[in-house]
Amino acid sequence: MPATDWRPTVAEPRRSSLRTRITAAATLVVAAALVVGALAFYAILSLSIHDAAVRAAETRAEQLASRIDAEGPSVVAELDDDIVQVLDDDGRVVAASEEAEGGDLPNTEGTVAYDDEPMLVVREDLDDGTLVLAVPVEDDQQTLTTVAVLLAVAVIVVTALVAGITWWVVGRALRPVARIRAEVDDITADRLDRRLAVPPSGDEIAALAGTMNRMLDRLDAAATAQRRFVSDASHELRSPLATIRQHAELAQLHPEATSVDDLAEVVHDEGLRMQELVDALLLLTRLDERAVLQRDDVDVDDLALAEAKRLRAGGAAVDASGVHAARVRGDVRLLGQLVRNLADNAARHARSAVAFGVAERDGQVLLTVDDDGAGVPPGERERIFERFVRLDEARARDAGGSGLGLAIVRAIAEAEGGSVRVEDSPLGGARFVVALPAAV
């Protein structure tokens with residue numbers, strides 16, 4: 001039965017798309033602005049029309065009052081188009097126009113209903129009595145009603161138009177994002193060499209595609225480094241295992257050719273090599289995972305002097321006159337490992353002399369380890385800090401180390417907030433310089 005790529009499906013909460021949310025937000029904002037603007041326009045127009053009607057009615061009332069004062073109340077009967085009544089001081093109707101006969105006009109001023117029609121009523125004092133004038137405002141109200149309908153239609157049409165345009169524009173803008181998403185979905189761990197097509201627009205979408213490509217470059221480099229690391233680690237572990245197996249097979253097939261002591265010595269030595277390699281790999285893994293480090297006051301000069309003493313005990317000529325008091329905040333065990341790896345590296349490559357130096361300068365503690373060996377070519381000064389790198393591949397592994405010592409030095413230095421570099425040594429070989437933040 002063929003194997004299938006089974007993945008559990010997890011129900012995700014249904015969410016509206018970014019296109020929908022942007023369109024809804026833009027539509028709501030525009031609709032709110034249009035509604036507020038329409039209401040404000042309607043209110044201003046209504047007030048303006050009302051004020052114009054009041055001024056016109058007051059002007060007409062003043063004209064009629066002047067004529068009545070001059071000719072008498074009887075002239076009101078001659079008015080055909082005006083709704084006018086003349087009242088005496090007691091409020092009784094003295095005279096009325098043809099349009100106002102048979103009814104009493106309201107005593108209050110303002111817009112009122114008269115004969116089932118909206119009227120604007122104004123009053124004007126006479127020499128003897130009061131003039132009451134009613135002006136129809138039905139046309140004004142019809143005008144306002146028409147304006148309100150037109151405004152409502154305009155708001156609806158413009159809002160729908162904005163929603164449609166926003167939906168189209170956002171969809172067009174997000175189309176490259178959908179394409180990028182589809183391309184990224186097709187990129188798997190075994191296809192990290194693929195890259196996204198960067199649009200020539202030069203906008204944020206192009207910047208996003210460029211950022212994704214740089215991320216893929218880093219992932220591809222990390223995956224390549226991991227594969228190389230696993231391959232090299234497997235090769236390094238295979239060597240001592242093969243040595244142990246060969247000696248065991250030799251002792252089994254030809255017992256007279258070897259002894260138990262010889263076999264035990266081989267197993268012991270190769271076991272130590274495997275233990276050192278595994279310990280180094282575990283330490284690098286811990287540093288790669290950025291594990292929390294201890295923070296104590298560490299005297300770097302004490303670490304350097306201890307390593308100088310150890311090398312002297314092994315017969316090496318060591319100069320520690322350049323070691324001065326200096327302190328950092330860090331993990332004493334890791335910093336000790338850093339100094340020891342540099343000391344072992346210097347002793348391994350030195351012809352006759354090794355020198356240590358410790359000094360504090362400009363807020364940094366500088367640790368230097370010199371040797372008078374062959375040095376490191378300028379083009380190889382970065383590569384030697386890579387894992388399982390040996391510049392002299394012809395050198396025996398016991399003399400050349402596992403190729404992890406300097407990689408551990410750089411990893412520890414960076415974990416402690418510092419750096420390490422290689423320079424030419426005054427002794428003629430290589431100088432390793434470690435810079436660490438000084439303790440405050």
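Computation of the quantities below employed the complete heavy-atom set of this structure, encompassing side-chain atoms and omitting hydrogens, waters and symmetry-equivalent molecules. Every value quoted in this text rests on a predicted model; they were computed, and no experiment measured them.
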Practice item. Verify side chain to side chain contact (heavy atoms under 4.5 Å, CB included) between Leu367 and Val433, making sure each step is shown before the conclusion. Key: CA-CA 6 Å; Leu367 166 68; Val433 182; over 6 Å; no
Point to revise | Carboxylate-amine/guanidinium contact Asp297 Arg329, below 4.0 Å | key: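 Between Arg329 and Asp297 there is a salt bridge, with a charged N closer than 4.0 Å to a carboxylate O.
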Point to revise | Residues Asp424 and Arg381 bridged, charged N to O under 4.0 Å | key: yes
Check your understanding: Got more than 12 heavy atoms from elsewhere within 6.0 Å of CD, Glu109?
Key ->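 Above 12, so yes.
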Would you be so kind as to tabulate the donor-acceptor pairs closer than 3.5 Å made by side chains of residues 28-43, with sequence neighbours excluded?
none

**Study point:** Derivation and outcome, salt bridge (charged side-chain N to carboxylate O under 4.0 Å, His left out), residues Arg195 and Asp217
**Key:** CA-CA 9 Å; Arg195 295 297 179 266; Asp217 289 338; 2.6 Å; yes
Practice item. Show your reasoning for whether side chain to side chain contact (heavy atoms under 4.5 Å, CB included) applies to Leu406 and Arg383. Key: CA-CA 10 Å; Leu406 295 181; Arg383 198 171 74 89; over 6 Å; no
Point to revise | Matching residue for Val76 among Val94, Asp82, Ile68 - test: side-chain contact (heavy atoms from CB on, under 4.5 Å) | key: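 When Val94, Asp82, Ile68 are each tested with Val76, the side-chain contact (heavy atoms from CB on, under 4.5 Å) holds only for Ile68.
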Check your understanding: Can you name the one residue among Glu124, Arg60, Glu58 that meets side-chain contact (heavy atoms from CB on, under 4.5 Å) with Leu133?
Key ->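 So the option named by the test is Arg60.
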Check your understanding: What do the steps show when you test Asp88 against Asp128 for side chain to side chain contact (heavy atoms under 4.5 Å, CB included), and what is the final call?
Key -> CA-CA 7 Å; Asp88 59 15; Asp128 187 12; 5.8 Å; no
Check your understanding: Just by modelled atom types, is the Val354 backbone N or O under 3.5 Å from a matching donor or acceptor in the Asp370 side chain?
Key ->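 Checked: no pair found.
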Practice item. Could you give me the CA-CA distance, side-chain angles and deciding distance for Thr23 and Thr20, then say whether side-chain hydrogen bond (donor to acceptor under 3.5 Å, both in side chains) is met? Key: CA-CA 5 Å; Thr23 302; Thr20 302; over 6 Å; no
